[in-house]
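Written below as structure tokens is the structure these notes are about.
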Amino acid sequence: MVGIVLVSHSRKIVEGIYELASQMTGGKVSIGIAGGTQDGRLGTDATKIMEEIKKVDEGEGVVVLVDIGSAVMSAQMALELLGKEYEGKVKIADAPLVEGAIAASVEASIGSDFNKVLSVAEESKKLNKL
């Protein structure tokens with residue numbers, strides 16, 4: 001199954017999205033969270049992101065969803081730290097964090113492949129709410 005990693009500057013944000021996605025998928029999907037810094041402040045940590053990717057990797061790929069600015073840079077750094085072993089198996093989705101996380105998690109829960117999970121996450125940015 002495809003794994004999901006949620007990255008935010010806030011631990012509370014990723015915990016809330018994790019809770020929502022887990023409930024919507026019946027806990028079927030491996031979802032990692034990397035929010036805030038080690039000392040509890042706002043920020044992102046490339047090492048924590050890398051650890052979460054490794055934790056949720058079940059061999060079918062990992063989709064990473066990020067919130068803003070430096071979360072992207074930290075996620076990119078995490079991919080570099082992972083090295084060639086993970087090349088092509090982990091991608092950062094160009095998607096909104098909440099909608100993308102829910103869409104990706106639901107898609108992963110029905111057994112879709114890596115490319116489909118990534119695509120569904122990225123398509124979520126086109127959804128109209130009203």
Side-chain angles (χ1 to χ4, degrees):
M1 186 170 289
V2 177
I4 311 289
V5 173
L6 309 175
V7 180
S8 174
H9 286 72
S10 168
R11 177 83 180 174
K12 290 179 181 180
I13 287 175
V14 290
E15 286 173 343
I17 297 169
Y18 171 86
E19 180 181 359
L20 180 60
S22 291
Q23 285 184 20
M24 293 184 76
T25 62
K28 294 179 184 176
V29 181
S30 291
I31 303 172
I33 58 173
T37 61
Q38 295 286 23
D39 60 0
R41 293 181 301 151
L42 294 177
T44 57
D45 180 339
T47 303
K48 178 65 174 164
I49 297 166
M50 180 185 68
E51 290 168 358
E52 292 299 304
I53 290 169
K54 287 180 179 180
K55 185 172 91 175
V56 303
D57 179 28
E58 296 180 4
E60 295 185 38
V62 177
V63 174
V64 179
L65 292 117
V66 298
D67 60 6
I68 56 174
S70 64
V72 175
M73 291 185 292
S74 292
Q76 289 170 332
M77 185 179 296
L79 296 183
E80 289 178 23
L81 292 170
L82 287 167
K84 293 191 184 280
E85 177 186 348
Y86 284 84
E87 197 170 294
K89 289 179 51 179
V90 181
K91 297 223 174 156
I92 303 166
D94 183 13
L97 180 57
V98 176
E99 292 87 345
I102 301 307
S105 297
V106 169
E107 196 65 34
S109 76
I110 61 172
S112 294
D113 68 22
F114 176 73
N115 289 325
K116 180 66 174 176
V117 172
L118 178 64
S119 173
V120 166
E122 291 181 339
E123 287 295 315
S124 72
K125 68 183 173 184
K126 296 177 184 174
L127 296 174
N128 293 322
K129 293 185 182 184
L130 299 177

Nearest non-hydrogen partners of [X] and [Y], listed with the distance:
X	Y	answer
G100	A95	CA-CB, 4.3 Å
V7	A71	CG1-CB, 4.0 Å
V63	V2	CG2-CG1, 4.1 Å
V117	A104	CG1-O, 3.6 Å

NZ/NE/NH1/NH2 to OD/OE distance under 4.0 Å, K126 and E123: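 Yes, K126 and E123 are salt-bridged.
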
Transitive ILVMFWY side-chain link F114 to M1, under 4.5 Å: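 Yes: a chain of side-chain contacts under 4.5 Å links F114 to M1.
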
Salt bridge (Lys or Arg N to Asp or Glu O under 4.0 Å) evaluation trace for E52 with K55: CA-CA 5 Å; E52 292 299 304; K55 185 172 91 175; 3.1 Å; yes

Result block: side-chain N/O donor-acceptor pairs under 3.5 angstrom for residues 15-22, not counting sequence neighbours:
residue : atom : partner : partner atom : Å
E15     : OE2  : R11     : NE           : 3.1
S22     : OG   : Y18     : O            : 2.9

Cut-off 3.5 Å, no hydrogens considered: what does the side-chain donor-acceptor table look like for residues 72-87, sequence neighbours left out?
residue : atom : partner : partner atom : Å
S74     : OG   : T44     : OG1          : 2.6
S74     : OG   : S70     : O            : 3.2

Spacing of S105 atom OG and L65 atom CG [to the nearest 0.5 Å]: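 Reported to 0.5 Å precision, the distance equals 8.0 Å.
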
Donor-acceptor pair, side chain of D67 and main chain of H9, under 3.5 angstrom: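 Indeed, once roles are kept as given, a pair shorter than 3.5 Å links the two residues.
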
Other residues, nucleotides, ligands: >12 heavy atoms within 6.0 Å of K89 NZ: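 Yes - once you tally the heavy atoms of other residues, nucleotides and ligands closer than 6.0 Å, there are more than 12.
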
